[in-house]
Amino acid sequence: MQDQYRTVAHAGVHETEVNRSRFLCALAPAATEREAQEFVAAVRKEHTDANHNCWAYVIGADASVQKASDDGEPGGTAGVPMLQMLLRRDMRYVVAVVTRYFGGVKLGAGGLIRAYGGAVGEAVDALGTVTRRRFRLATVTVDHQRAGKVQNDLRATGRAVRDVRYGEVVTIEIGLPDADVAAFRAWLADATAGTARFDLGGEAYGDA
């Protein structure tokens, strides 16, 4: 698995104009290919009167799914430059749709490639990105007496507390970088006089 990836900070739209043609780039994070396709369909529905709704998306921290469409523009002049821009910016789990309203001036193949790729690049800059790092999910089980202090100490040291459940004991779900697991286990044993239970889970990605 990749140690980290970048994605767009939030969904949004950025508009550029090239030779009187309007290019509206809608960007959004997408956790799955289905989410990406649903976003494309929603933008198409919103802009049914546009000349073209070209799209590209990259799914997977390792960019395992990469797809693009020229939506009627000359082959290779829209979707592929959009996809290449996303990859050049190291963007993952992201979908881009560039809606074009033709302004009466033909741009030529080179002009289209620059316009579509540029629209995506400008939108990424305008909306901003976030970095997500890989971590291990872990569960700390501790008695009620010590739970408050453990939670405070976790937050004070910047640990990602993902969930807290109260029952006969308190279960705290956290995220840890792989490299920190051994040191954390030792710290927890010391902080709770060896009374806390520590269980490692699977892997996930979270904000850096």
Side-chain angles (χ1 to χ4, degrees), residues 1-13 26-43 55-67 86-87 89-97 123-124 126-208:
M1 290 176 77
Q2 297 284 109
D3 280 337
Q4 64 182 51
Y5 69 86
R6 293 170 72 207
T7 191
V8 66
H10 54 83
V13 181
L27 272 181
T32 62
E33 189 170 4
R34 182 175 176 178
E35 266 187 39
Q37 291 167 348
E38 286 172 352
F39 182 77
V40 171
V43 175
W55 53 263
Y57 56 76
V58 182
I59 307 296
D62 56 355
S64 55
V65 178
Q66 303 176 23
K67 292 192 178 171
L86 292 175
L87 294 171
R89 296 296 189 90
D90 293 322
M91 300 294 285
R92 305 289 187 265
Y93 291 106
V94 65
V95 54
V97 184
V124 169
L127 296 176
T129 64
V130 291
T131 300
R132 303 205 187 283
R133 296 192 194 284
R134 183 165 59 93
F135 60 83
R136 290 294 295 275
L137 294 169
T139 305
V140 173
T141 308
V142 67
D143 60 46
H144 285 267
Q145 187 181 343
R146 291 184 171 87
K149 185 177 187 312
V150 169
Q151 284 184 68
N152 288 338
D153 289 348
L154 287 171
R155 291 195 167 97
T157 54
R159 300 291 180 206
V161 176
R162 297 170 60 82
D163 190 30
V164 182
R165 295 185 297 278
Y166 295 91
E168 289 183 16
V169 291
V170 180
T171 305
I172 306 166
E173 188 179 287
I174 61 170
L176 286 173
D178 268 337
D180 291 359
V181 169
F184 179 82
R185 197 189 292 268
W187 170 83
L188 183 66
D190 186 52
T192 63
T195 60
R197 186 172 140 187
F198 179 70
D199 297 298
L200 268 182
E203 293 183 318
Y205 286 92
D207 293 346

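Between Thr157 and Phe184 there is no side-chain heavy-atom pair separated by less than 4.5 Å. Looking at Val40 and Glu35, their side chains never come closer than 4.5 Å, going by heavy atoms from C-beta outward. Between Thr129 and Met91 the shortest side-chain heavy-atom distance falls below 4.5 Å.
Here the closest heavy-atom approach between residue Leu127 and residue His10 is recorded as O-NE2, 3.4 Å. Taking both residues in full, the closest heavy atoms of Ala11 and Ala28 are given as CB-CB, 3.8 Å, listed atom of the first, atom of the second, then distance. Here the closest heavy-atom approach between residue Ala31 and residue Ile59 is recorded as O-CG2, 4.0 Å. The two residues Val95 and Phe39 have their closest heavy-atom pair at CG1-CD2, 3.5 Å. Heavy-atom minimum distance, Ala61 versus Tyr93: N-CE1, 3.4 Å. For the pair Val8 and Val130, the tightest heavy-atom approach, listed with the atom from each and the gap, is O-CG2, 4.1 Å.
Here Arg197 contributes atom CZ and Thr171 contributes atom OG1; the two are 8.5 Å apart, rounded to the nearest 0.5 Å. If you take CZ on Phe198 and CG on Leu176, they are separated by 5.0 Å, rounding to the nearest 0.5 Å. With values rounded to the nearest 0.5 angstrom, Ile172 atom CD1 is found 7.5 Å from Tyr166 atom OH.
Not a single donor-acceptor pair under 3.5 Å links the side chain of Thr7 to the backbone N or O of Pro29. Without hydrogens or angle criteria, His144 side chain to Gly167 main chain gives a donor-acceptor distance under 3.5 Å. A donor-acceptor pair under 3.5 Å links the side-chain atoms of Arg6 to the main chain of Arg89, judged by distance alone.
Among residue pairs with one or both ends in residues 140-155, those qualifying as salt bridge (Lys or Arg N to Asp or Glu O under 4.0 Å) are Asp143-Arg146, Lys149-Asp153; sequence neighbours excluded.
The aromatic rings of Tyr57 and Trp55 sit parallel, their planes meeting at an angle under 30°, below the 60° perpendicular limit.
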In a table with atom names and distances, give each donor-acceptor pair under 3.5 Å that connects a side chain of residues 135-142 to protein atoms at least two apart or in another chain.
residue	atom	partner	partner atom	Å
Arg136	NE	Gly201	O	3.2
Arg136	NH2	Gly201	O	3.1

*How far apart are the C-alpha atoms of Leu87 and Arg92, what are their side-chain angles, what is the distance that settles it, and do they pass the side chain to side chain contact (heavy atoms under 4.5 Å, CB included) test?*
CA-CA 8 Å; Leu87 294 171; Arg92 305 289 187 265; 3.9 Å; yes
